[in-house]
Amino acid sequence: MMVSFALHGIGVSSGIAIGRAKLISHATLEVAHYHISPAQVDEEIARFTFAVRDVQKELEGLHGALTAGDLPGEFGAFLDVHWMILNDPVLADAPRKLIAEQRCNAEWALMQQMNVLVEQFDQIEDPYLRERKTDVVQVVERVLKRLLGSHGTMHPAAAEANTILVAHDLSPADVIQFKSHHFGAFLTDLGSVTSHTAIVARSLNVPAVVATHNARALIRDGEMVIVDGGNHVVIVNPDRSVLAEYRLKQSGIALERQKLMRLRGKRAATLDGRPIELFANIELPGDVDYALDVGAEGIGLFRSEFLFLNREGLPSEDEQFEAYRRVAEGMKGRPVTIRTFDLGADKTKEGLGGLSRVAPNPALGLRAVRFCLAEPRLFQTQLRAILRASHYGRIRILIPMLASIGEIAATQAAIDVARETLRERGQPYDDAIEVGGMIEIPAAVLAIGAFASRLDFLSIGTNDLIQYTLAVDRADDSVSHLYDPTHPAVIRLLAMAIGGAKRAGKPIAVCGEMAGDVTMTHLLLGLGLEHFSMHPAHLLQVKQRVLASSYQALAQAVTRIRRQDDPVKIVAMLERLNA
């Protein structure tokens, strides 16, 4: 008799999927350690070399699949990361030295070097880059499979519609292999909201739950599985009543999506006629199609650092230019806001000057605009690429983490240098390109008038603003419960920023997670916000809420909330506001 049970994890892509589990096998990372004779050393090194070459050929073949099918070109960036790791001397050369010096087997030598790399990643404060250690593990798994004599992956032909992929971890390379088939959902033991699995799941718009810890060990091949990404839960072997309930919910979600899709072409405006702009946040140029599909009026935030982090080496000016131009042309005249790269001392990426050290507190260190100004060569390369792309669409430049007027002046001077270089080259660009700043630091809110007078537009990054205001690291489980977007201090800072920008006659948007949280829509409208930018998946829900709202009535209600100091009462007032 099959036992029904539930698993909880992190839902990184919402929706409900019902299907049969398909387990993706993986090489065990607990390998044997044995000694070899001096006469066997050359043979063992050759065995390791052949295994690495096999994986290189496989990655080359997957790159070929990018042009042979309908795979998003951004998957190539994921493959580039794996190629870079595979060819890193720590994994490619050091194991050979270990085999020769310690006369050990290739599997054990490879594992020792993997542990060295993983330990380095564990020291990185930034959650996105810390998560990249999973790429190291995935590459090592592929090599181990060759050394152990088995590729250990599912053949695409074995897949059927509504299959639920269950894996200890699922690499983008695996997804590329299976992309031509229909899958209901992804389900993994490892991962986080910043993992590649999460990014892939969101880009493919399929439900996904990660960080389930032991799903791969508990679920059997072929078992019926329900994946509820919105509620972070997985139900295995559901009984008839639960299955019927979720099928009804699934039908309801599909019907609701159909209704929401009818709003795509409808202009967002409140009941009392206040127009509201709804833009999309993107991480990949390929996300443009999704943004257009849901009716986004533009791109409010293109996180350009993604182009830097997920590849071997640093992108050239021409490579960046092509990526930015693709987004500009894809948006067909709609505005595209490109945030300059947010990299820094905590991001130990090869080629970032001499700033690869791990900072004591990276969140307060050399990152974002501070790093850009400290590395003018890298900054100029990106600025020239953005300016060149501005000739092909309505591009705006957004500068992250500004804290002082001096940083604004230095950034504008850097942009002028990039302009002059392009003029000397005879390359066209939009000389009237707008430059804006992100409001992410309380100091920037307190200086909002001076910032607004020197910039063309502003954008509030609520994720960092809340973190810096409350001194709470959202990635730290021990204090994450203190991260509170409805804290009275946060609400007052938002009111100050929005009000200050309006008094200066400059547009201001919210591009953090609050913008896409429908439970925060009424609060933000009541604070006077008229420009939202969010993940495309949330845009139509927010639009629906906007269309049913009264701008003036919300302003009056939120004024009362702003005067309140009691967090419990604020939550109760917001609940009534959303009722």
Side-chain angles (χ1 to χ4, degrees), residues 274-279 281 300-301 337 339-340 342 363 368-369 396-408 411 434-472 474 483-517 519-534 542 546 551 554-565 567 570 574 577:
R274 182 65 61 104
I276 305 296
E277 286 190 328
L278 302 181
F279 285 19
N281 296 344
L301 177 63
T337 304
R339 184 178 70 184
T340 55
D342 185 357
V369 68
R396 307 191 302 177
I397 299 174
L398 180 62
I399 310 301
M401 203 182 168
L402 288 168
S404 70
I405 300 304
E407 288 172 340
I408 296 175
T411 299
E434 293 185 335
V435 179
M438 290 201 70
I439 305 300
E440 303 173 274
I441 300 173
V445 178
L446 296 173
I448 194 70
F451 275 44
S453 67
R454 291 165 172 82
L455 294 164
D456 298 308
F457 65 96
L458 301 166
S459 187
I460 304 172
T462 53
N463 302 350
D464 273 341
L465 181 61
I466 296 169
Q467 178 171 253
Y468 289 134
T469 301
L470 303 181
V472 171
R474 291 184 303 142
Y483 182 88
D484 180 12
T486 63
H487 189 287
V490 172
I491 293 175
R492 287 168 189 168
L493 284 173
L494 290 172
M496 288 177 63
I498 295 170
K502 285 195 164 191
R503 285 190 294 274
K506 296 295 174 66
I508 187 168
V510 166
C511 62
E513 291 179 10
M514 281 184 72
D517 185 348
T519 65
M520 295 289 118
T521 303
H522 279 164
L523 173 63
L524 293 174
L525 287 172
L527 290 172
L529 188 70
E530 298 176 18
H531 308 276
F532 294 67
S533 190
M534 67 206 75
V542 172
V546 167
Y551 193 82
L554 288 174
Q556 295 174 8
V558 171
T559 297
R560 292 190 290 272
I561 293 176
R562 288 172 53 189
R563 295 171 181 160
Q564 183 57 249
D565 291 318
I570 289 176
L574 285 175
L577 196 66

Rounded to the nearest 0.5 angstrom, the CD1-CG distance for Ile441 and Leu465 is 9.5 Å
Could you tell me which non-hydrogen atom of Lys502 sits nearest to which non-hydrogen atom of Arg274, and how far apart they are? NZ-NH1, 4.3 Å
Straight-line distance of Glu440 CD to Leu402 CG, nearest 0.5 Å: 8.5 Å
Lys506 side chain vs Leu458 backbone, donor-acceptor pair below 3.5 Å: no
Assess whether side chain to side chain contact (heavy atoms under 4.5 Å, CB included) is satisfied between Val369 and Thr340, documenting all intermediate values. CA-CA 8 Å; Val369 68; Thr340 55; 6.0 Å; no
State whether the number of non-hydrogen atoms from other residues, nucleotides or ligands found under 6.0 Å of Arg562 atom CZ is greater than 12. no
Any idea which heavy atoms bring Ser533 and Asn281 closest together, and the distance? OG-OD1, 2.5 Å
Are any non-hydrogen side-chain atoms of Leu577 and Val558 less than 4.5 angstrom apart? yes
Kindly state each residue pair satisfying side chain to side chain donor-acceptor pair (under 3.5 Å) with at least one member in residues 441-462, sequence neighbours excluded. none
Looking at Leu301 and Cys511, what are the two nearest heavy atoms and their distance? CD2-SG, 4.1 Å
Given Ile466, which partner from the list Asp464, Leu470, Thr469 fulfils the side chain to side chain contact (heavy atoms under 4.5 Å, CB included) test? Leu470
How close do Gln467 and Tyr483 get, counting heavy atoms only, and between which atoms? N-CE1, 4.0 Å
Roughly how far, to the nearest 0.5 Å, is the CG atom of Leu523 from the CG atom of Leu494? 7.0 Å
With heavy-atom distances below 4.5 Å as the criterion, would you say the side chains of Ile508 and Ile460 are in contact? yes
Chi angles and distances behind the side chain to side chain contact (heavy atoms under 4.5 Å, CB included) call for Asp484, Val490: CA-CA 8 Å; Asp484 180 12; Val490 172; over 6 Å; no
Using the side chain to side chain donor-acceptor pair (under 3.5 Å) criterion, which residues pair with Glu434? Sequence neighbours excluded. none
Heavy-atom side-chain contact between Met534 and Leu278 under 4.5 Å: yes
Results of side-chain contact (heavy atoms from CB on, under 4.5 Å) for Pro507 - residues two or more places apart only: Phe457, His531
Quick one: closest heavy-atom pair of Ile405 and Ala450, and the distance? CD1-CB, 3.6 Å
Give the C-alpha distance, both sets of side-chain angles, the deciding distance and a yes or no for side chain to side chain contact (heavy atoms under 4.5 Å, CB included) between Met520 and Phe532. CA-CA 11 Å; Met520 295 289 118; Phe532 294 67; over 6 Å; no
Is it true that a side-chain atom of Tyr551 and a backbone atom of Val546 form a donor plus acceptor pair closer than 3.5 Å? no
How many angstroms lie between atom CG of Leu527 and atom CG of Leu554, to the nearest 0.5 angstrom? 10.0 Å
Nearest-0.5 Å distance that lies between atom CD1 in Ile276 and atom CG in Leu529: 7.0 Å
Side chain Asn463, main chain Glu513, donor-acceptor under 3.5 Å: yes
Nearest 0.5 angstrom please: Glu530 CD to Ile498 CD1, how far? 9.5 Å
Minimum heavy-atom distance Phe451-Ser404, with the two atoms named: CZ-N, 3.7 Å
